[in-house]
Asks: 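One structure follows; several queries about it will come next.
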Amino acid sequence: MHSRYLDFVAADRRFYDVAPLGTATPTTRYRVPHSLDWRGWQRTDIRGWTQYHRRPMSVEQGWKIHVSATRDNAQSILNLVAAYAADSSLTFKFVPGEAEFRQRNDKQTDRGSAGKFITLYPLDEEELRAALAELERRVGGMAGPYILSDLRWNHGPLYVRYGAFRLIETHGSDGERLPAIRDPHGNAVPDARDAAFTPPSWLDLPDFLAAQRASLGDGAAPEGFPYQVTEALQFSNGGGIYRARSSAGRSVILKEARPFAGLTPDGRDAVGRTRNEEEILRRLGDDPTFVGIVDAFDADGHRFLVLEDIDGIPLSKALVQRSPMVRADRGVVDYLDYRAWALEIADQIERAVARLHAAGIRHGDLHPGNVLITPTSHVRLIDFEMAGPSSSGESAMVAAPGFAAPADLVGADVDLYSLACIKLFLFMPLTPILPLDSHKAEQLIEAAAEMYALPDEYVASIRAQLVPPRTPQEPVSSLARAADRAIAEWAARDEDGLTRLQFLIACSVNASADFSRADRCYPGDIRQFGENGYSLAHGAAGVLHALDAAQLESPAQASDWLHAAAAAPDADRHLGLFNGLAGVAWAQRRLGATAAASRTRERIMDRLTRGVSVDSAAFSSGLYSGLAGLGLWMLSEPDEDLLGWAAHIAAELTRRIAVGSPQLSGPGRPDRGLMWGPTGIALFALRLYERTGDRAHLALAENTLRMDLDRCAQADDGSLQMDEGWRLMPYLATGSAGLALVTAQLLPHVANPARYLRPLAGLERALHPRFTIEPGLFDGRAGIIHTLIALIRMGVAGSDSESALAAHVDALRLHAVRHATGVAFPGSGLIRLSMDLATGSTGVLTALQAYTLLLIDDEGDEWHNLLPLILPQTAIKPPMPTPAKEVRINDDRLPSEPADA
């Protein structure tokens, strides 16, 4: 999940969004002393900071001083630092209020940049030395969190770091904006903000900073530390969790709490919460249902809690290992076996919660990650940081999405609500959707009860907590009532029913539009704020394409907004197919805006000709934002002018693969699958082969496809899925579905297609299980629906693929929620709605349209263009028998011989 996830969730109840500047309403505003002479100074409020400057900033970058603080001393520290800055005309900025202060020190805030309260900008090393000396005299030793990205000056709260003084940005290989500094050659390079002091490699530290660094040591555990850390398990702004070994050889879990850091809404820091957990666990004694306490101690100002190392896994992981819904070969007996196990687990959790409440304790943060399941299927509860009196009149302070009790529940009722969510989650793991629609709890409960034949009393216990009592409703429109009926009935087996569902999705999409905004007009995934609001994946181009492909209308302003956004001065920093202008040009041409498409094309080619070369490291290789996507777009243009460019891209991709530097994705992206991995290159190379007949391109397609097939693993149900090391992935963007789509399209072009039939059968089998977490195109059910339809149309699907497809279409109802006068779908994480193509409602819309066209046996171009440039562009029927349902994958790897001559 995005590092600024909490920012985007807090801004809006229904959509991922950013709060406009100046909208925070903190209980306290921090202010510089009015008694100081501020004549000649300018004040600027920008990006969550208040800045004061008197003299021009004559340098772009240099050594900055950061000052941390606590909630109690923040205003006092600001008074002292501002007085020095006023005397020395030193530019400075500070966090403007208590609300922003809490956010920057939150438990989930990125720990590398957390803790910064004031920043000062000395213009050279002499000013830096003088400022540190004087500020040390004024505020040295005052309390404040450790700023992990910086070099601490003596005992704090002063810290030093090299960085930009003015905003400098560069772009990663996916086009994302990255904060930057300039290297000695003047190039903008990413400004790494790690959780450790890491100055640029080309920079020599001033002598006084080098001496300070040496005095602090290498960060190793202090002398006499009683445990040897063997493994780091987790980090947050509040500290770390480690597996460690005692001097006696006992394996334990070590929880580290950083002072003044990792704040929760009640104002407690990590140390306060850890001391609270220690007290609670000591009260619980030796009860084997709860994690046991071994030791607690202080070291270097940090608090450490030592807990028993339980042999167990989180309930969420145990569910995935056992649930029959995520496997293709499970029958009635498997569902009954799972039901018995899950009911026993639920009963153990319920009894554990009852014992807590009998002891007068509320857990306060009950969710599947805090329930461990041992190899003998016994329940152990962990993480009592937020625990408190069960009689408390306070609501939950911190809670995991999908298990957070409403704000009007307090005391023990907070746990009872979370417990009901867990009991539902065991059979229908979609609980994060619940806050989006008051009707959703009842729908999920009914679906779980029907699928597993759950006992009436179990169902009633969930319903009592999660289904709000019916109250008189205000009059609603006929469209809103139609949305309720549509979700309840989900008539998705005939053309009329599918048409009604698509119309209601379009109603929701159009109701969400805001054409007054410059950053985006349709709400989508968090990534639209780091990329742009106009792209195919997360922006307006994808939304308008989906509406048009389903023959549904969009407001006239939407096209105007798209064309204006694509023409903006900085729009050409993103050139990719799914994240940039190539995708916009494709969509504009599909929408009939040929003049706008031509202008966008000219802008792309001007950038490629005069700016960044396709041979440079500025481009990743993949389909989403890199060379493969650019090449696919070039091949889709209606003339031959760009064919030579596409061939040049193929040559560059071939070179990268040959030298072992495929450069597939940008930071934080997977390097496998269709969107960011070799399969995307294979698709482009295949299209180029279809266009030119050059078998070198076919060889590139086969070789890159094999790279991803070699990374797949066989699941215990016989399916073949992308192995990410800690999970197997069946989805379109990074998993089996994307590989299956490209493998099926490769078959007609190779002399020996039989060698691909076995892996294709395994890849398809991964698409048959009944459950997916998300409904979307890239990582959810909509992408699986598209893939199954494609395999059926191409004649390579197994005999039970049509029933699996129909089950997926029916199951979209589980994700559907009411929004405005229509039907919408949640995006990544399920906790906010999304309208975008990659993660949200319009991706689902294209899947329903694909299913409609299949039902009416439409062989026209409409189906081929539903997924931009991914589906076969002509109807193809591979000359081979349909792979049998019972085909299994074995351990033999695909041969690595070159493509057929």
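Heavy-atom basis, side chains included; hydrogens, waters and symmetry copies ignored.
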Asks: Return the minimal non-hydrogen interatomic distance between Thr44 and His53, and the atom names on each side.
Replies: OG1-CE1, 3.8 Å

Asks: Checking the side chain of Ser390 only, and the main-chain atoms of Ala412 only, is there a donor and an acceptor separated by less than 3.5 Å?
Replies: no

Asks: What are the two closest non-hydrogen atoms of Gln61 and Ile168, and how far apart are they?
Replies: OE1-CD1, 4.1 Å

Asks: Testing the basics here: between Phe290 and Ala352, what is the closest heavy-atom pair and its distance to 0.1 Å?
Replies: CZ-O, 3.7 Å

Asks: Identify each donor-acceptor pair in which a side-chain atom of residues 87-96 lies under 3.5 Å from a protein atom, sequence neighbours left out, and give them as a table.
Replies:
unit_1 : atom_1 : unit_2 : atom_2 : d
Ser88  : OG     : Tyr84  : O      : 2.8
Lys93  : NZ     : Tyr121 : OH     : 3.3

Asks: Any salt bridge between Arg250 and Asp309, counting N to O under 4.0 Å?
Replies: no

Asks: Parallel, tilted or perpendicular: which one describes the rings of Phe297 and Tyr227, with boundaries at 30° and 60°?
Replies: parallel

Asks: Would you check if Val189 and Ile181 make a side-chain contact, meaning some heavy-atom pair closer than 4.5 Å?
Replies: yes

Asks: Hey, is the main chain of Gly140 close enough, under 3.5 Å, to the side chain of Asn154 for a donor-acceptor pair?
Replies: no

Asks: Residues in side chain to side chain donor-acceptor pair (under 3.5 Å) with Asp413, at least two apart?
Replies: none

Asks: Taking all non-hydrogen atoms of both residues, which atom of Gln75 and which atom of Tyr30 are closest, and how far apart?
Replies: OE1-CA, 3.3 Å

Asks: Side-chain contact test, heavy atoms from C-beta onward, threshold under 4.5 Å: evaluate it for Pro122 versus Ile65 and give yes or no.
Replies: yes

Asks: What's the spacing between Phe208 CZ and Arg213 CZ if we round to 0.5 Å?
Replies: 14.0 Å

Asks: Donor-acceptor check, side chain of Glu256 to backbone of Gly240, threshold 3.5 angstrom: yes or no?
Replies: yes

Asks: Output the distance between atom CG (Leu80) and atom CZ (Arg137), rounded to the nearest 0.5 Å.
Replies: 9.5 Å

Asks: Any carboxylate oxygen within less than 4.0 angstrom of a Lys/Arg side-chain nitrogen, looking at Arg138 and Glu134?
Replies: yes

Asks: Return yes if a side-chain donor-acceptor contact under 3.5 Å exists between Thr70 and Asn73, otherwise no.
Replies: yes

Asks: Verify, without hydrogens or angle tests, whether Thr109 (side chain) and Gln103 (backbone) share a donor-acceptor contact under 3.5 angstrom.
Replies: yes

Asks: Could you go through Trp153 and Leu209, starting from their C-alpha distance and side-chain angles, then the distance that decides it, and tell me whether this counts as side-chain contact (heavy atoms from CB on, under 4.5 Å)?
Replies: CA-CA 8 Å; Trp153 186 254; Leu209 293 185; 4.1 Å; yes

Asks: With ring-ring contact (aromatic ring centres under 6.0 Å, His included) as the test, pick out the partner of Tyr159 among Trp63, Phe197, Tyr146.
Replies: Tyr146

Asks: Between Glu231 and Arg245, does at least one N-O distance fall below 4.0 Å, as a salt bridge requires?
Replies: no

Asks: Looking at Asp37, I want to see if its CG is surrounded by more than 12 non-hydrogen atoms of other residues, nucleotides or ligands under 6.0 Å.
Replies: yes

Asks: Per the side-chain contact (heavy atoms from CB on, under 4.5 Å) rule, which among Leu305, Leu356, Asn276 passes with Phe384?
Replies: Leu356

Asks: Counting N and O atoms only, with roles assigned by atom type, does the side chain of Ser68 sit under 3.5 Å from a partner on the main chain of Pro145, one being a donor and the other an acceptor?
Replies: yes

Asks: Only counting residues at least two apart or in another chain, list the ones meeting side chain to side chain donor-acceptor pair (under 3.5 Å) with Glu60.
Replies: Arg182

Asks: Of Val379, Leu372, Ile349, which is the lone residue that meets side-chain contact (heavy atoms from CB on, under 4.5 Å) with Leu315?
Replies: Ile349

Asks: Are more than 12 heavy atoms, taken from residues, nucleotides or ligands other than Asp207, located less than 6.0 Å from that residue's CG atom?
Replies: no

Asks: Short question: side chain of Thr274, backbone of Val271 - any donor-acceptor pair under 3.5 Å?
Replies: no

Asks: What's the verdict on side-chain contact (heavy atoms from CB on, under 4.5 Å) for Ile526 and Arg832, showing C-alpha distance, side-chain angles and the deciding distance?
Replies: CA-CA 10 Å; Ile526 291 172; Arg832 291 294 185 270; over 6 Å; no

Asks: Measure from NZ or CZ of Arg111 to the centre of the six-membered ring of Phe235 and say whether it is under 6.0 Å with the direction within 45° of the ring axis.
Replies: yes

Asks: Flag the pair Pro157 / Phe117 as yes when at least one side-chain heavy-atom distance between them is below 4.5 Å, and no otherwise.
Replies: no

Asks: Do Leu135 and Leu120 make a side-chain contact, defined as non-hydrogen atoms from C-beta onward lying under 4.5 Å apart?
Replies: yes

Asks: side-chain contact (heavy atoms from CB on, under 4.5 Å) for Asp106 and Asn237? Distances and angles first, verdict last.
Replies: CA-CA 7 Å; Asp106 187 274; Asn237 188 34; 5.9 Å; no

Asks: Looking at residues at least two apart in the chain, or sitting in another chain, which of them share a side chain to side chain donor-acceptor pair (under 3.5 Å) with Asp519?
Replies: Arg517

Asks: Applying side chain to side chain donor-acceptor pair (under 3.5 Å), can you list everything that pairs with Arg161, at least two apart in sequence or on another chain?
Replies: Asp191

Asks: Distance-only, no hydrogens or angles: does the Arg152 side chain make a donor-acceptor pair with backbone N or O of Leu216 under 3.5 Å?
Replies: no

Asks: Thinking salt bridges, do Glu278 and Arg282 make one under a 4.0 Å N-O criterion?
Replies: yes

Asks: Within a strict 4.5 Å, meaning less than it, do heavy atoms of the Thr431 and Phe403 side chains meet?
Replies: yes

Asks: What heavy-atom pair brings Ile361 and Ala387 nearest, and what distance separates the two atoms?
Replies: CG2-CB, 4.3 Å

Asks: Applying salt bridge (Lys or Arg N to Asp or Glu O under 4.0 Å), name anything that partners Glu308, two or more places apart in sequence or on another chain.
Replies: Arg380

Asks: Report the residue from Arg275, Lys255, Arg268 that forms a salt bridge (Lys or Arg N to Asp or Glu O under 4.0 Å) with Glu385.
Replies: Lys255

Asks: Do Val291 and Ile253 have side-chain heavy atoms sitting under 4.5 Å apart?
Replies: no

Asks: Side chains of Ser418 and His367: does their closest heavy-atom pair fall under 4.5 Å?
Replies: no

Asks: Could you report the tightest heavy-atom contact between Gly238 and Ala270, atom names first, then the distance?
Replies: O-CB, 3.2 Å

Asks: Are Phe225 and Phe304 close enough that their ring centres sit under 6.0 Å apart?
Replies: yes

Asks: Going by atom types only, do Thr289 and Asp287 share a side-chain donor-acceptor pair under 3.5 Å?
Replies: yes

Asks: Measuring only between side-chain heavy atoms, which start at C-beta, is Val32 closer than 4.5 Å to Arg43?
Replies: no

Asks: Show, in sequence, the C-alpha distance, side-chain angles and deciding distance for Leu381 and Val371, and conclude whether the side-chain contact (heavy atoms from CB on, under 4.5 Å) test is met.
Replies: CA-CA 5 Å; Leu381 298 191; Val371 178; 3.7 Å; yes

